[in-house]
Structure formats: C-alpha cells, structure tokens
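Only one structure is covered here, and it is reproduced in the block below.
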Amino acid sequence: MASRGPLRLAAIALALSTFAGAALAGETEKPQTDKPQADKPQVDKPLGVVELFTSQGCSSCPPADEFFAELATKENVVALAYHVNYWDYLGWQDTLSTKENTDRQYDYMRAFGSRSVYTPQAVINGRSHVNGASRRDVDGALARMDRAGEGMRVGIKVSRTSDRVMIDAGDAGNGPADAHVVIVYFNSPQTVQIGQGENSGRNLTYWNAVSDIQTAGMWHGKAQRYELPMTEISKKGGCAVLLQSVGKDGMPGPILGAAFIHKPDRL
C-alpha cells in the first residue's frame, strides 16, 4: 500500500491556498451543497448505441449475449439488452422479458420496413440492424456510421446533486431539430438458471437487461436541461438516456446522442 504522507501534505497546501485566496477577495465562500457533482467521468459522445433483442428461450442467443457482455463493459458504447417474450411458447418463460421490449422491436421492424422480427437482433444507433452474434457486423456497423457522421452527433452530459440528476443535451447546430429524451432503465448483471426450453440446464449471465422505458421530454435542436429525481434513479440497477428522433408515424428513428446516467459495477 502506498504511503499517504504526500497526499496529506498536498491536501493541506490546497486548503491553505484556498483560504488565502478567499481572504484576499475580502469574503469567505459558503459551502455549495447543491453544486452538481458528476457521478463519474462521462463519455460525452460515445461511439454508438447497440440495442440487442434477445431471449432466454432462443438457442441462437447465448453467443450474442456473451458478445454483448463485452460491449456492456465498454465506456464508449451504450449497450442495452431488450428481452422479448415471443419465444416463451418453446417451454421457458424469459424471466427478464417485457411486453414493452417486444413492442419496441416490432416498432423498429416497421421503421425499417421489415416483414418480421428475429433474435438475436442488434439495432445500431436506431438506424439499421445486424446479427447480434456477429462481432464483425456489429463492430463494422458502429465504425461505418461513425465515419459517415451517423454516430452520436449531439453531446449529452450527466451530473447530479443529492436529490436530482441533470441531463444536459447539446446544440445540434444545423442538424436535426426534434427528438425524444428517452430514459431506459436496466438491471444489474445477473445469472439465470434456465430450467426448460432450448437452453435448458444452462446458467447464463445477462447484462443491462432493460426493465422499463420512459419518455422524459422533447428536445428541439437547442441546448436544454432535463431533471430527474434521484429517488427514481436510485431504485433501478442502471439507467441510460437516449436522444432519439421519432417519425410522424411514431416509429423510432436515428439515435442522435446517448449517455449512461448510472452504470452498475461488474459482477
């Protein structure tokens, strides 16, 4: 263990310097108890967003879930896993699935003009979809969109006080003018023992499994702040914010910005 002596001396010197500066100004600052404090360094513009649609009852999904676990630990990718329920009839009810997750995948299907849904499907930046088990396809789509200017175009910063979280969405300049501020809650990593179905007998670990999706407001192309109560955030395992354009038909469109509000520690 390293010695703490130099650190203690540096802290004392800093305190004396601060006190002297206040004396020269002729006033003493009061503690700023409401000053926003960053939860931890945030990636202002991540490489992109990967939304994986998966199921515990799908035999093709474990390789995608394993690759997704790597994405979930990266700081420059906002990775969210939506467990769907349409494979439950195969003998195992996905313990993490919700109707809302399935609805979101069907909304993407309509937005892309597709005729069906599938697992494992990875939607990249809300713009296109690839096989979620293919590292080459997912990484390739992220890199291609980044080069083409179809990545995260709007910066999002997250800060907090003791009772609230502040989300600051940046200015789009001459870019898109409208988007929804979407809050996505997800579970901490957890291992599930599959009792029946195509993956029967396997113990599988799932990361960032989405538990709830809410729209917190509208963004109109200019810098704007949104506030959420800390009590709501603290009840969840993790939380991310997506700045997502929405078509006139209500279908999801390109994701323009994203950030983690709270990202749980590893297992």
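Everything numeric in this text was worked out from a predicted model, so none of it was measured.
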What's the shortest heavy-atom distance between L80 and A240, and which atoms? CD2-CB, 4.3 Å
Between W87 (side chain) and L90 (backbone), is there a donor-acceptor pair under 3.5 Å? no
For S59 and P62, which heavy atoms make the closest approach, and how far apart are they? O-CD, 3.4 Å
So which atom in A122 and which in V50 form the shortest heavy-atom distance, rounded to 0.1 Å? CB-CG1, 4.3 Å
Is the number of heavy atoms from other residues, nucleotides or ligands under 6.0 Å of Q214 CD greater than 12? yes
Could you walk me through whether E51 and Y108 satisfy the side chain to side chain donor-acceptor pair (under 3.5 Å) test, starting with their C-alpha distance in whole Å, then the side-chain angles of each, then the deciding distance to 0.1 Å, before giving a yes or no? CA-CA 11 Å; E51 297 176 276; Y108 271 129; 2.5 Å; yes
Nearest heavy-atom pair of M152 and K45: which atoms, and what distance? O-CD, 3.5 Å
Salt-bridge criterion met for R225 and D168 (N-O under 4.0 Å): yes
What is the minimum heavy-atom distance between A258 and P46, and which atoms define it? O-CD, 3.3 Å
Heavy-atom side-chain contact between S128 and M145 under 4.5 Å: yes
Under a 3.5 Å distance rule, please check whether Q56 uses its side chain to pair with a backbone N or O of D94 as donor and acceptor. no
Rounded distance [0.5 Å steps], CG in L142 versus NZ in K74: 8.0 Å
With side-chain contact (heavy atoms from CB on, under 4.5 Å) as the criterion, how do H262 and K236 come out once you've worked through the C-alpha distance, each side chain's angles and the decisive distance to 0.1 Å? CA-CA 9 Å; H262 171 59; K236 312 295 183 178; over 6 Å; no
Taken to the nearest 0.5 Å, the spacing of I124 CD1 from D137 CG works out to 9.0 Å
Heavy-atom nearest pair, V154 first then A172, reads CG2-CB, 4.3 Å
Ignoring hydrogens and angles, tell me if any N or O in the side chain of D65 forms a donor-acceptor pair with the backbone of T54 under 3.5 Å. no
For a 4.5 angstrom cut-off between non-hydrogen side-chain atoms, does I261 reach L228? yes
So V182 and V241, do their side chains get closer than 4.5 Å, heavy atoms only? no
Tell me whether V123 is reachable from Y86 by hopping between hydrophobic residues (I, L, V, M, F, W, Y) whose side-chain heavy atoms are closer than 4.5 Å. yes
Does the K263 side chain pair with the main chain of A72, one donor and one acceptor, at a distance under 3.5 Å? yes
Taking side chain as C-beta onward, heavy atoms only, is I183 less than 4.5 Å from I167? yes
In this structure, CH2 of W92 is separated from OG of S200 (nearest 0.5 Å) by 8.5 Å
Are R144 and E150 within salt-bridge range, i.e. N to O under 4.0 Å? no
Please check: side-chain N/O of S114 versus main-chain N/O of S116, any donor-acceptor pairing under 3.5 Å? no
Closer than 3.5 angstrom, by distance alone: can the side chain of N85 be matched with the main-chain N or O of Q93 as a donor-acceptor pair? no
Quick one, T191 and L204 - any side-chain contact, counting heavy atoms below 4.5 Å? no
Is the side chain of Q105 donor-acceptor paired with the backbone N or O of Y118 at a distance under 3.5 Å, no angle test? yes
Can you get from V192 to F186 by hopping between Ile, Leu, Val, Met, Phe, Trp and Tyr side chains that sit under 4.5 Å apart? no
To the nearest 0.5 Å, tell me how far I156 CD1 sits from F260 CZ. 12.0 Å
Side-chain heavy-atom pair M230, R164 within 4.5 angstrom cut-off: no
If you group Ile, Leu, Val, Met, Phe, Trp and Tyr by side-chain heavy-atom gaps below 4.5 Å, do W207 and I194 land in one group? no
For a 4.5 angstrom cut-off between non-hydrogen side-chain atoms, does W219 reach H180? no
Heavy-atom donor-acceptor pair, N101 side chain to H83 backbone, under 3.5 Å: yes
Between Y82 and F53, how do the two ring planes meet: parallel, tilted or perpendicular, split at 30° and 60°? parallel
For T205, does its backbone N or O pair with a side-chain atom of Q190 as donor and acceptor, under 3.5 Å? no
Check the hydrophobic clustering (I, L, V, M, F, W, Y; side-chain heavy atoms under 4.5 Å; chains of links allowed) and say if L96 and Y89 are grouped together. no
With no hydrogens and no angle check, is any side-chain donor or acceptor of N125 less than 3.5 Å from a backbone partner on V49? yes
When you check the gap from the basic side-chain N to the acidic O, do R104 and D107 get nearer than 4.0 Å? no
Heavy atoms, side chains only, cut-off 4.5 Å: are F68 and Y206 in contact? no
Rounded to the nearest 0.5 Å, what separates atom CG in D88 from atom OG in S97? 5.0 Å
Roughly how far apart are L243 CG and M218 CE, rounded to 0.5 Å? 9.5 Å
